Amino acid sequence: MRSGCGAAPTLARAAQRPLRAALSHAHGYACKPMPRLSEYLLPTEREPPADAEALSHRLLVRAGLIRQVGAGLWTWLPAGWRTHQRIVQIIREEMDAIGGMEMLMPILQPAELWRRSGRYEGFGEELFKLKDRKDADMVLAPTSEEVITTHAATLIRSYRDLPRVLYHFQTKERDEPRPRAAVLRSREFVMKDSYSFDRDREGLDISYQKHAGAYDRILDRCGLEWYSVEADVGAMGGFGAHEYMAPCPAGENDVVLAPGYAANLEVARAEAQPVVLPSAPAAPEEVQTPGMTTITQVAEALGLPEGALLKAYPVVLPNGSLTLVMLRGDHRVNEVKLALALGSSFRPASAEEIERHLGPPGSIGPVGVQVPVLLDDAVVADGGGYVVGANRPDRHLRGVVPGRDFAFARGDVRAVVAGDRVDGHEVRIERAIEVGNIFKLGTRYSDVLGATYLDRSGVAQPVWMGCYGIGPARIAAAAIEQFADDRGISWPRSISPFAVHLVTLGKEGSEERALSERIYAELVSAGIDTLYDDRDAGPGEKFADAELLGCPLRVTVGRRTLQSGELEVQVRRGQEPRALPLEGAAAAIAELWRHVA
RNA sequence: CGGGGCGUGGCGCAGCCUGGUAGCGCGCUCGCUUUGGGAGCGAGAGGUCCCGGGUUCAAAUCCCGGCGCCCCGACCA
């Protein structure tokens with residue numbers, strides 16, 4: 001918070017002439033102008049738009065912070081933009097603190113660069129493509145690895161030029177297949193993306209750790225509840241990645257959490273809950289399962305838990321070969337982990353392929369098949385036997401023991417479920433929104449775009465890169481989701497559009513109004529960001545709007561204030577009321593401000 | 001891409017089935033009253049009924065085509 005930009009005018013002077021003029025002109029101080037609601041654009045709505053589902057979407061619109069332009073396209077209105085900019089500033093400070101240098105790269109980029117990196121086709125339908133008047137192919141950048149690496153190729157020449165961290169805040173364009181929940185997934189949004197350049201892998205590790213520290217501080221300062229989770233390095237390749245997840249109901253990811261453990265469900269590993277198996281006979285026995293094609297049906301018919309059955313998931317690799325993935329009946333395949341275990345992408349086998357290689361879909365199994373079997377790690381026999389499909393219609397096999405009755409390779413390919421354990425602790429699974437990510441790129445871009453430097457011995461080496469993104473809009477939405485109550489938003493103080501929402505209940509010309517003006521001037525002079533509700537409206541409406549907008553402190557000036565000589569301050573979170581002495585109110589409010597969340 | 005839903009004043013909705021001068025609540029404007037939890041009375045303003053075509057004497061309403069938006073799933077550096 002800024003401090004003192006001029007003495008408050010006295011009450012007497014305030015009564016003599018328009019206060020704002022006194023503040024901004026007569027005094028000549030460079031006070032940050034603090035809006036009166038009667039002159040501000042804050043279009044609050046009593047009802048949310050009918051198509052808004054997510055809480056953050058409803059509240060952002062109702063509180064007058066954003067408005068829609070098209071699918072996935074949103075305008076930030078003045079108060080909303082204040083929050084956005086506060087988040088941007090926090091990010092900027094923490095990036096600068098780790099030695100980042102702010103710059104700006106264009107959104108509109110030549111397709112040529114993207115062809116060279118292989119992403120013109122590789123990025124997929126999400127990449128906005130267009131042509132300029134000379135018919136040259138262009139793209140609207142969803143991210144800036146190509147441009148920054150091209151710069152690095154010519155601007156970084158020597159080991160002395162490394163390491164470096166460069167970043168910018170820039171609009172990103174992504175033709176999302178399904179924009180949703182207002183700013184949670186939009187087609188155009190501002191992102192801070194930074195890029196680190198190092199001499200080698202060890203240097204990259206250091207840059208990565210610095211970013212991890214910066215991101216920790218950014219999200220703490222923004223007042224969010226958040227987790228850093230291990231992430232899938234995905235299609236981009238890479239040497240490691242973390243995602244920063246903020247738990248919230250409107251989130252799009254599942255995070256697996258246990259004390260000391262946090263991972264994206266896509267990559268999470270945990271110890272499965274045990275299942276009691278019937279003891280295995282000397283050899284598998286066939287059982288009749290007429291018309292039963294699902295795990296549930298067979299388990300029920302045999303009186304066994306679903307975990308005592310094995311589920312078959314035949315997949316086809318790009319080379320056309322078929323692999324039979326087997327996992328416990330109560331588990332589900334995690335496709336990301338499966339691709340990792342297979343070392344390749346895959347697709348589920350078609351019914352026709354299953355029929356040809358194995359048997360009738362619905363009762364296929366691993367015994368006697370001619371295709372490789374990949375057995376999930378959670379399948380442990382331990383003296384017992386499993387029920388599997390017999391590769392014949394209406395038949396299953398009972399008492400099947402992996403290893404004895406079929407050969408297999410091992411892999412962890414199942415999705416973790418709540419109740420599994422990590423280090424003895426049960427895990428829980430929460431919805432969360434990804435607000436940032438950090439990624440060790442390695443030399444993927446420097447190799448293809450020619451970013452090399454000369455090392456100490458004069459040998460050209462590829463630059464080792466990392467990329468790091470964070471989305472202010474998602475941070476804002478996550479903060480709303482995490483802290484809103486039934487009256488509206490409750491901003492963490494660091495990213496609230498205003499610190500104080502000053503409500504006057506006095507009519508124009510009243511004594512209360514004159515007092516309000518004085519308090520307003522004092523707050524502004526004390527450097528406190530204040531929104532002053534001086535509208536000619538009823539108290540109910542003003543309070544409702546204040547609680548909807550969610551500034552941490554609401555200061556009310558009315559007849560009661562005059563009678564009691566005390567100022568009423570409400571802390572938004574918990575709607576806790578307090579009384580402060582009128583004398584020295586601004587200082588007391590500033591002090592209170594320092595202690596709210 | 002598959003499935004579902006919706007486009008009528010700034011917001012929320014009715015009217016459409018069964019065609020006949022477009023309505024309600026909130027909001028907005030003006031006046032008076034009111035003023036510590038979305039206040040009252042009175043008077044007003046505001047709509048190419050998403051677009052195009054068709055049927056009809058007549059289309060918000062029926063038919064055909066298109067566009068837009070939302071939700072679920074798939075997908076997702």
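These numbers come from a predicted model, not from an experiment. These numbers come from the heavy atoms of this one structure, side chains and all, not from hydrogens, waters or symmetry mates.
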- request: May I ask you to verify if any side-chain N or O of Q68(A) is less than 4.0 angstrom from the OP1 or OP2 atom of rC70(B)?
  value: yes
message: Does P43(A) reach a base, just sugar-phosphate, or nothing at all? Heavy atoms under 4.0 Å.
response: nothing
task: Output all residues satisfying ring-ring contact (aromatic ring centres under 6.0 Å, His included) with W464(A), sequence neighbours left out; order by chain, then residue number.
output: F239(A)
Protein proximity profile, nucleotides 22-35 of chain B - base contact B, sugar-phosphate-only contact S, no contact -, cut-off 4.0 Å on heavy atoms: ---B---------B
field: Touch class at under 4.0 angstrom, heavy-atom based, for A544(A) against every strand present
entry: base
Heavy atoms from other residues, nucleotides or ligands near NZ of K210(A) exceed 12 (cutoff 6.0 Å): no
- request: Could you check which of rG38(B), rG12(B), rA74(B) has an atom nearest any side-chain atom of A50(A)?
  value: rG12(B)
- request: Starting from C1' on rG37(B), measure out to CZ on R535(A) and report it in whole angstrom.
  value: 13 Å
field: Nucleotide nearest D51(A) when distance is taken to its side chain, options rC69(B), rG10(B), rA74(B)
entry: rC69(B)
task: Counting Watson-Crick and G-U wobble pairs only, both distances under 3.5 Å, name the nucleotide matched with rG20(B), or none.
output: rC57(B)
task: Give T561(A) one of three labels, base, sugar-phosphate or nothing, depending on what nucleic acid heavy atoms sit under 4.0 Å from its own.
output: base
- prompt: Could you give the CG-to-C1' distance, from L184(A) to rC70(B), as a whole number of Å?
  reply: 15 Å
query: What is the base-pairing partner of rC49(B), counting Watson-Crick and G-U wobble geometry with both distances under 3.5 Å?
result: none
query: At under 4.0 Å between heavy atoms, what does A241(A) touch on the DNA or RNA strands: base, sugar-phosphate, or nothing?
result: nothing
field: Pair Y445(A), D447(A): side-chain N/O donor-acceptor within cut-off below 3.5 Å
entry: no
- request: Classify the nucleic acid contact of E266(A) as base, sugar-phosphate or nothing, counting any heavy atom under 4.0 Å across all strands shown.
  value: nothing
- request: Both distances under 3.5 Å, Watson-Crick or G-U wobble: report the partner of rC26(B), or none.
  value: rG10(B)
- request: Would you classify P577(A) as touching base, sugar-phosphate or nothing, given that sugar-phosphate means primed atoms plus P, OP1 and OP2, and contacts are heavy atoms under 4.0 Å?
  value: nothing
- request: For the residue pair H211(A) and S194(A), confirm or rule out a side-chain donor-acceptor distance under 3.5 Å.
  value: yes
- request: Would you classify R487(A) as touching base, sugar-phosphate or nothing, given that sugar-phosphate means primed atoms plus P, OP1 and OP2, and contacts are heavy atoms under 4.0 Å?
  value: base
- request: Ignoring hydrogens and angles, state whether a donor on the side chain of T171(A) or E188(A) is under 3.5 Å from an acceptor on the partner side chain.
  value: no
query: Can you name the closest pair of heavy atoms from L342(A) and F346(A) and give their distance?
result: CD1-CD2, 3.8 Å
message: Is it true that T504(A) and D534(A) share a donor-acceptor pair across their side chains at a distance under 3.5 Å?
response: no
query: Under 4.0 angstrom, heavy atoms only, what part of the nucleic acid is P177(A) near: base, sugar-phosphate, or nothing?
result: base
query: Does R185(A) have a side-chain nitrogen or oxygen under 4.0 Å from the phosphate oxygens OP1 or OP2 of rC76(B)?
result: no
message: Any base atoms under 4.0 Å from R554(A), or only sugar-phosphate, or nothing? Heavy atoms, all strands.
response: base
message: Only pairs with both distances under 3.5 Å count, Watson-Crick or wobble alike; so what is the partner of rG2(B) in this structure?
response: rC72(B)
task: Report the base-pairing partner of rG37(B) (Watson-Crick or G-U wobble, both distances below 3.5 angstrom), or none.
output: none
query: In a check of ring-ring contact (aromatic ring centres under 6.0 Å, His included) between Y244(A) and each of Y227(A), Y468(A), Y215(A), which one passes?
result: Y215(A)
query: Which is true for G70(A) with a 4.0 Å heavy-atom rule: it touches a base, it touches only sugar-phosphate, or it touches nothing?
result: sugar-phosphate
message: Between R180(A) and rC72(B), is there a contact of a side-chain N or O with OP1 or OP2 at under 4.0 Å?
response: yes
